[in-house]
Protein chains: 2
Amino acid sequence: MNNPPPRRRDVTVADVAREARVAKATAARALGDYGAVSDAVRDRVQAAAEALGYRPNELARSMNTGKSNTIGVIVGDIENPYFGLATRGISDAAKEQGFDVILVNTSEDVDAEMDAVRVLLDKRVDGLIVAPASSGKTDHLRAVYETGRPLVLLDRRIEGLDVDVVEADMASVAYQATRHLTDAGHRRIAFISTLDVEGGEFHEGIDLRVSSVADRLEGVLRAQRDAGLPDPSALVRFDANGAAGIKRIVRELMALSDPPTAIIASDSLIALSVLGTVRELGLSVPGDLSFIMFDDFEWTTLTSPPLTVISQPIYEMGAAAARRLIGRVQGRQLPDAMTKFTATLVQRGSVGRPRAGVLAGPMDPLSAI
Amino acid sequence: MNNPPPRRRDVTVADVAREARVAKATAARALGDYGAVSDAVRDRVQAAAEALGYRPNELARSMNTGKSNTIGVIVGDIENPYFGLATRGISDAAKEQGFDVILVNTSEDVDAEMDAVRVLLDKRVDGLIVAPASSGKTDHLRAVYETGRPLVLLDRRIEGLDVDVVEADMASVAYQATRHLTDAGHRRIAFISTLDVEGGEFHEGIDLRVSSVADRLEGVLRAQRDAGLPDPSALVRFDANGAAGIKRIVRELMALSDPPTAIIASDSLIALSVLGTVRELGLSVPGDLSFIMFDDFEWTTLTSPPLTVISQPIYEMGAAAARRLIGRVQGRQLPDAMTKFTATLVQRGSVGRPRAGVLAGPMDPLSAI
DNA sequence: TTGAAAGCGCTAACAA
DNA sequence: TTGTTAGCGCTTTCAA
C-alpha cells in the first residue's frame, strides 16, 4: 500500500445539528439517547447523522460522564493459556454488560505491573481486574483501592488488601491430589512452582506472598504430613522460571540419591518443561515417575499416558471477576459469596505406584530387598 | 470486603496550579512536559503535583491532541494460542513505543467484529490490528480505511483492500509439507479447516475469502497435483467448528471406503480434536495415519509420537504488525518489505509411510494383493 | 420539548 | 518564560 488516505475530520454533533436544523444540545440528546426529544426531531437528527456518517466520540463522552465503560485487565502473561482462557471469560462477561476491555501484559514483572496500573488509571478505566505478579510490592494496588475505583483480584489474594478476590479452592484440591499420590504409595513427592522466593530456598514458615501458590503448597504438605511422611518440604522447589531453569531443577531433583517418585507441577507451563525434561532423561510416566499438574488443557489428554490434572473453572472465574467488578462499578451492593470456585482432580493416566525399588523408604519393611 | 471507599474527585491541573501559585497553563506545561517552563517553576509545580497526588487525565489529553496512544486489536479467539502469542508480540512491541493496547475478542463472529471496529473507532484508537474473522463481509474494514486511521491485517489479507498485511508464506510451506507426505508414499491426504464456506462443500474455483486458508490449500493441492495424484480436492473438509464438528468430520473421513492415510490440520485447535478422535478410533499415528498440523506449540513435542508441524514466527508477526501500525500512525513512509514471514516444516514423528494395505490405490500395481 | 450556555480536564494559540 | 483565552466534542444545567 502506498497512499494512506488523509485522516478526515470527524463529524461531530454540531455538524449533525446544523444539518438537522436543531440546536447542538437537541442533536446530542437524540444521538446520546438521553433527555427528552420529540419523535419527529429524533428521526430528523438520526437521518442527518446517518447521512453525515456521524460516530460519537467516546472520549468526549467519557470526559463528562466520568465513566468510560471500560475495564482494565492486567495479566502476567497472555501467552499462558490460563490467562488466555480467563481473559476470554472476562471479555465475554464484560461485553455482555456493555463494557470494553483494555488488556495489559506485564510479563510477570512487578514494575511493569505498576506502570500498567498507572496507565489504566490515567485512561480512567472504570475498574481493574488484576492477577498480581508478585505480592511483594502491592502499594500500587492499594493505591487503586484508594482512588475508589473498584479492583478485583484474580487467582491471588493479597494479605491485608480488602478487595474482591476470585479464586479457586487450591488448598483442598492440592490436598486431595497429594493424597492420591500417597495412597498409591509415594513417599517422595516434589512440588515445583515459578514463584520466586526470598533466598531462593523454601523453609517452613516462609512467607510465600502469592496466595494461590501458598495454598497449593499448604495442601501438598499437609497431605504428606497426614500420611506420616517426614520432612515433606525437602522436595519443594521454587524459582522455576523459563524452560532452562525448570529443566535444571528437574535434573537436580532426579539426580538426588533419593529422587522423587512423583512430581506436582504448579502450572501448565512448568508441566510442559518438566515433561520435556523427563522425556530427555528417558524416564517413563508413570513407570519411573508419577506426575500431576495444575490446570486442564486439551493437550493433556493426548500425551501417553494422558495426564492426571487439577482442573479449575478458569473461564468461569474470569467471567465472575468481570461481573463482580462491573457490579461494583455500578455501585451495587454485593454479597461476598460465590467468589471461591472449586477445583477438581481429574484422574487420567500419569499416576501409578512407585517402582518396588524406589518404594524403599524408612517406613517400608521391604526396603532391604 | 464491605465498604468500598468513596470515589474521590480527581486532582486536576487547576488544583496543582493553585497549589503552586502559577497559571493553569504553566502548570499544564510543567506537567505535560511541553512548552517552556523555568526550572524553578517546574520544580514547584511537580512538588505540588506530588503533594496532591495528581495524575493526568489521559482522556482529556487525547481529546485535544487527537491521539490516544492506543492501538486496537481485534482477534477471533484469544483462547487460541495463536492469538495469545500474537497478542503478546503486539503488546510488547506497542509498549516499547509507548502505546497501549485495547483488545477485543470477537469469538470469530463477523457481527461482533463489526461491533468491535465501531467501538474501537469510537474510542478513538490511533490504529487497528485485525485478524479478520471471515472476509465475506469486509465493509467495516474498508470503513476503517476510509476514516484514515491506519489498519494492519494480521494473518489474512483481503482482496481489494489496500492496507498493510503481516502474514507468513503459507502456500510454499503447505506445498513442502504435502510434498513430504507424497514423498512418503501418501496418495490420500485430507485437509481440514475451520473456514466456513458457501454451500459447505469445497469445489475447484470456489472463493475461499480467507487468504491464509486459501494459500494453505493451494499449496496442498498443487503438491498433490505435481505428484500426479488425481482429484486431490476430494478429501478437503471445511466448516470444522467445535470439537463435535471436527470429530464428526474425522469419523466420516475414516469411514470412507478409501480413507485418507494422512491428515493436515489447519490449526492447533483442529489438531487437538482430530488427535482426540484418532485416539478414540484406536488408530495409531503414524502407523495407521500420518499427521501434520499448522502451528508449533510446545505440547506437540510431548505426544507419542511428537508431531510434525508447520512453524510460523507468530510472536514476531504480532510484533511486526504493531511496529508497522505505529509507524503508519506516526506518519512514517514505510516500504512494503518485511511483511511476509517464512514458515517452516518441523519434522518430528507423526509422518510415516502409509500401511501396505492402505497404500493400495489406482496407481499401485500391488493393489490386488 | 427545545435552546443557550456552561462546563469536563486538558492543550494550544497568542500576548505580555 | 508566563498568563490569558480559546477550544476539543460531548453532557448538563437552566430558561424559555
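A quick note: this is a predicted structure, and the numbers were derived from the prediction, not measured. First the proteins, then the strands, lettered A, B, ... as listed; each starts at 1.
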Please compare B:Ala60 and B:Arg29 by the position of their nearest nucleotide in DNA chain C and report the one closer to 5'. B:Ala60
Between B:Thr26 and B:Met63, which is nearer to the 5' end of DNA chain D once each is assigned its nearest nucleotide? B:Thr26
A:Val13 vs A:Asp15, test: side chain to side chain contact (heavy atoms under 4.5 Å, CB included). Steps then yes/no. CA-CA 5 Å; A:Val13 251; A:Asp15 299 324; over 6 Å; no
Kindly say whether B:Val37 contributes a backbone atom to a donor-acceptor pair with the side chain of B:Arg29 at under 3.5 angstrom? no
A:Val329 and A:Phe99, any side-chain heavy atoms less than 4.5 Å apart: yes
Answer yes or no: is there a side-chain heavy-atom contact under 4.5 Å between B:Asn57 and A:Asp122? no
Assess whether atom CZ of B:Arg142 is packed by more than 12 heavy atoms of other residues, nucleotides or ligands within 6.0 Å. yes
Could you walk me through whether B:Ile102 and B:Val73 pass side chain to side chain contact (heavy atoms under 4.5 Å, CB included), step by step? CA-CA 6 Å; B:Ile102 300 190; B:Val73 176; over 6 Å; no
Residues from residues 35-43 of chain B sitting under 4.0 Å of DNA chain C, heavy atoms only? none
What closest approach, in Å, do B:Arg323 and B:Glu96 show between heavy atoms, and which atom pair accounts for it? NH1-OE1, 4.1 Å
Positional range of nucleotides in DNA chain D within the contact set of chain A, heavy-atom, under 4.0 Å: D:dG9 to D:dT13
Gap separating the CZ atom of B:Arg55 from the CG atom of A:Leu121, nearest 0.5 angstrom: 8.0 Å
Quick one: CG on A:Leu120 to CD on B:Glu58, what's the gap to the nearest 0.5 Å? 11.0 Å
Only one of B:Arg324, B:Arg332, B:Arg157, B:Lys340 forms a salt bridge (Lys or Arg N to Asp or Glu O under 4.0 Å) with B:Asp164, so which one is it? B:Arg324
With heavy atoms of chain B within less than 4.0 Å as the criterion, where does contact along DNA chain C begin and end? C:dG9 to C:dA13
